[in-house]
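All heavy atoms count here, side chains included; hydrogens, waters and symmetry mates do not. Proteins come first, then strands; the chains are lettered A, B, ... in the order of their sequence lines, and each starts at number 1.
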Number of protein chains: 2
Amino acid sequence: MELRYKPEELTKLPRSVEFKDGRVFIIDQTLLPKEFKVISLNTVEEVARAIKTMQVRGAPAIGATAAFGLALLAHKSKAKTKGEFLSEFERAYEALKSTRPTAVNLFWALNRIKKLVEEHGEESLETIKQLIINEAQKIANEDVEANLKMGHVGSEILDKGSVLTHCNAGSLATVHLGTVGAVLRVMHKEEKLKLLWVDETRPVLQGARLSAWEYSYDGIPLKLICDNMAGFVMQQGLVDYVIVGADRIVANGDFANKIGTYSLAILAKEHKIPFFVVAPTSTIDLSLKSGKEIPIEERAKEEVLGCGGCKIAPDVDVYNPAFDITPHKYLTGIITEKGVVYPPFERNLRRLFGL
Amino acid sequence: MELRYKPEELTKLPRSVEFKDGRVFIIDQTLLPKEFKVISLNTVEEVARAIKTMQVRGAPAIGATAAFGLALLAHKSKAKTKGEFLSEFERAYEALKSTRPTAVNLFWALNRIKKLVEEHGEESLETIKQLIINEAQKIANEDVEANLKMGHVGSEILDKGSVLTHCNAGSLATVHLGTVGAVLRVMHKEEKLKLLWVDETRPVLQGARLSAWEYSYDGIPLKLICDNMAGFVMQQGLVDYVIVGADRIVANGDFANKIGTYSLAILAKEHKIPFFVVAPTSTIDLSLKSGKEIPIEERAKEEVLGCGGCKIAPDVDVYNPAFDITPHKYLTGIITEKGVVYPPFERNLRRLFGL
């Protein structure tokens, strides 16, 4: 497929995460939309903390950031022997791996580098360090390339219309452009995006804080709604597509995504609105058979008891799952950098990997 | 039906709105849950403002408060002639009527008093004033009595289980006990309420601020969730009933309630969970044929751009409908003070009124 646009023709935003001059730079997403600030992370611990506290979030962005965490170690390590370095590497790998449980891209990126290190165990320490740094850069660059492809693939199969999205699967959730973000940006470039409905996405408000900010930054026409308004907007015929990202897609097409996605999928089905996921193949985890096997992260009750820094509720019991599982039966198709996967997902996802 | 409990056996809360010593007293709901404060309203304008700004909200509570607004006028008026008083009355009626458009109880209560005044046009000014005050008290007392009945009726037809509710149709939404609130309180009293799931109900957070507060005040076991978590909670089999209030029920059983109710109704249907409305017959408006005719209030964009006093989103476009319409096909039954109405609603709602 011909790629009609370059990233810089689709967004004014810089990359969300970069590794340069021996440091990891991220846009601190906890400060948005009040402040658009790039911060530097100088140790593996700082990288792990940034992932845990969601200064950087979004499955592909987490993957690239974790990879850069290992690159940072490779750049900074003062280990004198290979053995010493490899045990530092192992500690960093474990620290980064334990930051968040649901998104598979984190494990995918870390394991990709770990495997490379294992395969090149005979090389010199310096060579191994350079391989790690190069691989991390490659992971980030491939993410941008995959997004660019998904954007083109998505815009090709979608007609002109209004789109509803949830959470943030935009440029901020990836290295650049976004997964859903790339599709929306190519649609907008080609004048096919009538209106973007943005779910605010409680409790952490990735929709209100991040999607509303980044899409309006790029001039995309949008309306922000509370999560509970999506059904009513659909009832009025104002939504042509629901398009969301994914944190993990398993062998049968079930997928984990930000809490609220499952409800949206049911609402889309009831209103006969096509429901698409946009995700790179690095989000696909064929090792799990069904969505029931995906671990769901529960986060602190304070996220629900408060909102944007204000306390909103009395101190009662809370349930705060960060993700939910949407069964594949609600899914129209999965837009990947290798093309669109339609049902039957079990067969067609395997085919995507040449299995 | 035998009423097994008195209001004071079901709740520790006082009435939400009262008229005494020539003043209207309300619990200021905008201060909850931080502060539980009763304020007095001393003019019709103050009463109208309290309704508009949602210091008092909830369809039945609005109805009673508006009636007390007219009682306040009757108590305070210095009009020397009946003609002078009747034009004051007309102005007060219009001011109160224009506060909020969706809930029918407001118009029902105001019209009930207006009709009474018209029917007794030949009486003395003092008699008319006293009739107004008495009728307003009667409206409030009838609301409590209706709630008590609905509570008993509801608990009788529901099995032991967990309930999910939206917004606040509790004591705070009525004069006392609540509509849904009465059902939950009788269930709790009879040890039939395993767990109450409380939707936070963005943007104004009536669930997080009011329901979570008033039900935990009465010792009811509950968990607070964000609106977008309801589907996932249902998927896990943790909800046996969805029970909500209504702001207006029309002839075919379609009804308006707090935004998000329609989405919940679809989610309940998908999970085969019974979906009940609890509302007094004063909420039923047979003059409208279908939900499409109910006017939906749109509120200020600031409600969506902020949350609990904090700004959460950049200054983008917003859609902020305060209510949505749920078609009757999603509804299992309507619990009223006169019994439960089941489908076909068009016929059975008419029967409720002896038509």
Peer 1: Are any side-chain N or O atoms of Asn228(B) and backbone N or O atoms of Thr201(A), one a donor and one an acceptor, separated by less than 3.5 Å?
Peer 2: no
Peer 1: Can you tell which part of Gln236(B) gets under 4.5 Å to a heavy atom of chain A, answering side chain, backbone, both or neither?
Peer 2: side chain
Peer 1: Look at the rings of His271(B) and Tyr262(A) and say which category their plane angle falls in: under 30° parallel, 30 to 60° tilted, over 60° perpendicular.
Peer 2: perpendicular
Peer 1: Select, from Pro314(A), Gly308(A), Ala313(A), the one with the greatest count of heavy-atom pairs under 4.5 Å involving chain B.
Peer 2: Pro314(A)
Peer 1: Apply the side chain to side chain contact (heavy atoms under 4.5 Å, CB included) test between Leu224(A) and each candidate in Ile312(B), Val304(B), Asp317(B); give the one that qualifies.
Peer 2: Val304(B)
Peer 1: Chain A: which of Lys34(B), Glu200(B), Lys258(B) shares the most heavy-atom pairs with it under 4.5 Å?
Peer 2: Glu200(B)
Peer 1: Could you tell me which portion of Lys301(B) (side chain, backbone, both or neither) has an atom closer than 4.5 angstrom to a non-hydrogen atom of chain A?
Peer 2: neither
Peer 1: Sort out for me which of Ala230(B), Ser216(B), Ala212(B), Pro221(B) touches chain A most, counting heavy-atom pairs under 4.5 Å.
Peer 2: Ala212(B)
Peer 1: Under 4.5 Å between any side-chain heavy atoms of Met229(A) and Ser263(B), yes or no?
Peer 2: no
Peer 1: Got a second to check how far Leu267(A)'s CG is from Leu267(B)'s CG, nearest 0.5 Å?
Peer 2: 5.5 Å
Peer 1: Looking at chain B, which one of Ile259(A), Ile225(A), Asp227(A) has the largest number of heavy-atom pairs inside 4.5 Å, strictly under?
Peer 2: Ile259(A)
Peer 1: Counting only heavy atoms closer than 4.5 Å, note whether Tyr217(B) contacts chain A via side chain, backbone, both or neither.
Peer 2: neither
Peer 1: Is there a side chain to side chain contact (heavy atoms under 4.5 Å, CB included) between Val316(A) and Leu222(B)? Walk through the geometry before answering.
Peer 2: CA-CA 8 Å; Val316(A) 295; Leu222(B) 62 87; 3.8 Å; yes
Peer 1: Report the C-alpha separation of Cys307(A) and Cys310(B) in whole Å, then their side-chain angles, then the decisive distance to 0.1 Å, and conclude whether the disulfide (SG to SG under 2.5 Å) test is met.
Peer 2: CA-CA 7 Å; Cys307(A) 185; Cys310(B) 281; over 6 Å; no
Peer 1: If you count heavy-atom pairs under 4.5 Å with chain B, which of Asn320(A), Ile325(A), Asp315(A), Ile266(A) comes out on top?
Peer 2: Ile266(A)
Peer 1: Under a 3.5 Å distance rule, please check whether Glu270(A) uses its side chain to pair with a backbone N or O of Glu270(B) as donor and acceptor.
Peer 2: no
Peer 1: For the candidates Gln235(A), Met234(A), His166(A), which exhibits the highest count of non-hydrogen atom pairs separated by less than 4.5 Å from chain B?
Peer 2: Gln235(A)
Peer 1: Sort out for me which of Asp324(A), Thr261(A), Leu305(A) touches chain B most, counting heavy-atom pairs under 4.5 Å.
Peer 2: Asp324(A)
Peer 1: For the CD atom on Glu35(B), are there more than 12 heavy atoms of other groups (residues, nucleotides or ligands in this structure) within a distance under 6.0 Å?
Peer 2: yes
Peer 1: Working note: Phe323(A) + Phe232(B), criterion side chain to side chain contact (heavy atoms under 4.5 Å, CB included); need CA distance, chi angles, decisive distance, verdict.
Peer 2: CA-CA 9 Å; Phe323(A) 303 92; Phe232(B) 189 50; over 6 Å; no
Peer 1: Go through the atoms of Leu210(B) and report whether side chain, backbone, both or neither lie under 4.5 Å from a heavy atom of chain A.
Peer 2: neither
Peer 1: Given that the side chain runs from C-beta out, which part of Lys311(B) has a heavy atom under 4.5 Å from chain A: side chain, backbone, both or neither?
Peer 2: backbone
